[in-house]
Amino acid sequence: MPILTRLAEHDRRPLRFMLDGRPCIGREGDTVLTAVLTEAERLRLSEFSGAPRAGFCLMGACQDCWIATETGECLRACTTFLAEGMRLLTDPGAAP
Amino acid sequence: MTASIRPVVVGAGPAGVRAAQTLVAAGLRPVVVDEAPAWGGQIYRQQPPGFTRPKRALYGFEVTRAKAVHAAMAAIRDRVDYRPHTLVWNAEGERLDLLSDGRAATLTYTHLILATGATDRVLPFPGWTTPGVYTLGGAQVALKFQGCGIGRRVAFLGTGPLLYLVAYQYARAGAAVAAVLDTAPFTAKLQAAPGMLRLPAVFAKGLWYLAWLKARGIPVRSGVRPLQVEGEARATGLLWREGTRERRVACDAVAFGYGLRSETQLADLLGCRFAFDALDRAYLPVRDAAGRTSVPHVYVAGDGAGVMGADAAERAGERAALALLQDIGTAVDGARALHLERELGRIQGFRRALERAFPVPADWAANVPDDLVICRCEEVRAGELRAATREAGAREMNRLKALTRVGMGRCQGRMCGTAAAEILAQACDTAPEAVGRLRGQPPVKPLPVALARHVEPEEVGR
Ligand code: FES
């Protein structure tokens, strides 16, 4: 079960992206955090305990929402808008 | 004369917008640096283009002020140098280091108004790092900015006006509200009522949310103590204590917070003098009634200078801009300046009453278990903080940081600073002001590593 649930603003242009190798659909105007957490239960795993994390403040303050891309960049999910074709990984250490 | 003045406003919430508007009215062309994609700040945050909910639905009772702040900025849009999506990551001398869409720039100023706002004040409890647990402010952003709920069945916990407001907004938007759990005792509200009547409209709104929630059969409890968020991969329930009884509610998300804390890193980097503020239980930049800090030509306004709310922020933004104008020798309306200061004084009186109505739980630090993660960046536990005091004699926040890494992580202590100070003070059997404050360090927020390649100097006012 995803974390976030859409309550309004359903009629927006769909944007395709890949999450952990799986095709997903977000909407134009979604942050990366919204797009990922309406599909999944985490953004990343803690580098200390390995526990799942899904952001916390949603306003660019806590830095808990960084997510990796397949090309090895990191995005702050709550302040980055989703773009068509993004390829995101919640566990970049996992075997492909 | 004004040609040599290069004013910069950091932040475009109610304080920053009103400051910019006041400078523009006097013929200046300020740069307005805003981390958000559009002006409004957190409280009047605008939804992205393409979203269609009316402002009334987003801002409720605050819709008139939200519209006024949005319109004020729209009206001066071509007379300010507005930089959305831009982070100020360092401040030094009379220079700001900026980052915008991966590009770095520097910005020089002669006068600087910091209107940097606030974030939720966080007091951790077991399970608070579980997916599905967010700050109250974060829960509000999800709804206002993205049309999403943080879950299907949400429990709201903590204290402060935002607790009731966000619960109400969720219920209105169609989410199930599992419970509203206030750590403050109900008697605190009764005692604070006379003081809150200084701003009867604000007081009435608070009562109205409470009545609305209760009328819909939503459990609203006072004097609770959070025990645990259940669930591993995600939240599945919330346990709390009420008197001697333990209670539980099933939920798939929890929003919590204990009022707000000011964002003060830039004032710190610029060397502004700080003093402990008993009301905010935090160190804040010292400022005069107009917003002047101890550093010439640096001003603070709005919640970033001390939490007073959005209406105060508008007035403080205008007052700080008038101070700037006075300091460059521009004639200003003295009666207006005095009026703003009086209004701010009145709101401050109300704020005192609010703090009495929604006190931060005084027993929090004493009851924190040793294995509770306090710093979610580096996963530093309460027991490590206490051991640093016991075994290495840490009695001051920066010493504690050096020993345990608390406050050293990516958030720079924004989320853990309050909690760590309370735990250190309790472990040293002293007051929070005696343990000092975490010093800011650039970058105040993390930068992508590739950044250094793109640095190019840039001048303002072109
Ligand atoms: S969720 Fe806090 S910075 Fe993104």
Side-chain angles (χ1 to χ4, degrees), chain A residues 1-15 26-66 69 71-82 90, chain B residues 35-37 42 45 47-53 57 85 87 117 119-120 122 128-135 137-143 145-152 170 173-175 232-235 252-253 263 373 376-380 409-412 414-415 445-446 448-450:
Chain A
M1 271 275 272
I3 299 282
L4 300 186
T5 177
R6 296 188 190 272
L7 295 170
E9 306 288 353
H10 299 279
D11 299 327
R12 283 175 288 135
R13 192 165 74 88
L15 294 179
R27 294 196 174 82
E28 191 161 42
D30 278 359
T31 62
V32 168
L33 185 142
T34 298
V36 172
L37 295 180
T38 48
E39 292 279 346
E41 287 190 332
R42 67 177 192 217
L43 293 165
R44 66 184 186 100
L45 300 171
S46 156
E47 54 275 45
F48 295 90
S49 60
R53 294 291 180 88
F56 183 54
C57 75
L58 270 55
M59 54 179 82
C62 76
Q63 316 301 325
D64 200 35
C65 66
W66 289 80
T69 67
T71 48
E73 291 164 303
C74 272
L75 305 173
R76 194 169 64 190
C78 74
T79 55
T80 307
F81 283 109
L82 180 71
T90 68
Chain B
E35 240 184 285
Q42 292 302 343
R45 187 190 262 257
Q47 53 188 359
F51 285 57
T52 56
R53 287 167 297 171
H85 239 139
L87 166 74
T119 61
D120 293 79
V122 172
W128 74 296
T129 56
T130 310
V133 182
Y134 293 95
T135 61
Q140 196 182 39
V141 169
L143 188 59
F145 184 60
Q146 294 282 280
C148 286
I150 59 167
R152 281 162 191 75
Y170 264 65
E232 303 243 316
R234 68 163 308 145
D252 60 6
E263 235 353 72
V373 167
R376 63 189 290 134
C377 299
E378 307 258 327
E379 299 193 352
V380 183
R410 289 191 283 213
C411 88
Q412 288 235 353
R414 284 181 180 82
M415 298 298 124
K445 289 189 182 176
V449 202

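Keep in mind that the numbers below use all heavy atoms, side chains included, and drop hydrogens, waters and symmetry copies. By convention in this document, chain letters (A, B, ...) are assigned in the order of the sequence lines, proteins followed by strands, and residues within each chain are numbered from 1.
Only the backbone of T79(A) comes within less than 4.5 Å of a heavy atom in chain B; its side chain stays farther off. With a 4.5 Å cut-off on non-hydrogen atoms, Q42(B) touches chain A through its side chain but not through its backbone. Interface residue L143(B): only side-chain heavy atoms are found under 4.5 Å from chain A. With a 4.5 Å cut-off on non-hydrogen atoms, R12(A) touches chain B through its side chain but not through its backbone. With a 4.5 angstrom heavy-atom cutoff, Q146(B) touches chain A via backbone and side-chain atoms both. Heavy atoms of V122(B) lying under 4.5 Å from chain A belong exclusively to its side chain. Using a 4.5 Å cut-off between heavy atoms, T38(A) touches chain B through its side chain atoms alone. Using a 4.5 Å cut-off between heavy atoms, Q47(B) touches chain A through its side chain atoms alone. At a 4.5 Å heavy-atom cutoff, the contact between P48(B) and chain A is made by side-chain atoms alone. Q63(A) touches chain B through backbone and side chain together, each having a heavy atom under 4.5 Å away. Using a 4.5 Å cut-off between heavy atoms, A173(B) touches chain A through backbone and side chain atoms alike.
Panel note: side chain K445(B), backbone G60(A); a donor-acceptor pair is recorded below 3.5 Å. Within the 3.5 Å criterion, the main-chain N or O of G151(B) finds no donor-acceptor partner in the side chain of D252(B).
With a 4.5 Å cut-off on side-chain heavy atoms, D120(B) and M59(A) count as touching.
Taking CG of L58(A) as the reference point, atom CZ of F145(B) lies at 9.5 Å (rounded to 0.5 Å). For the atom pair CD1 (I3(A)) and CD (E39(A)), the distance works out to 13.0 Å, reported to the nearest 0.5 Å. Rounding to the nearest 0.5 Å places CG of L37(A) at 4.5 Å from OH of Y134(B).
When each of T80(A), L33(A), D30(A) is checked for heavy-atom pairs under 4.5 Å with chain B, D30(A) comes out on top. With chain A as partner, the option from M415(B), E379(B), R414(B) having the largest number of non-hydrogen pairs under 4.5 angstrom is E379(B).
Applying the salt bridge (Lys or Arg N to Asp or Glu O under 4.0 Å) test to E28(A) and every residue at least two apart in sequence or in another chain returns R13(A). For the salt bridge (Lys or Arg N to Asp or Glu O under 4.0 Å) test, residues two or more places apart in sequence or in another chain that qualify with D64(A) are R44(A), R53(A), R376(B).
Shown here is E47(A), whose CD atom has more than 12 heavy atoms of other residues, nucleotides or ligands within 6.0 Å.
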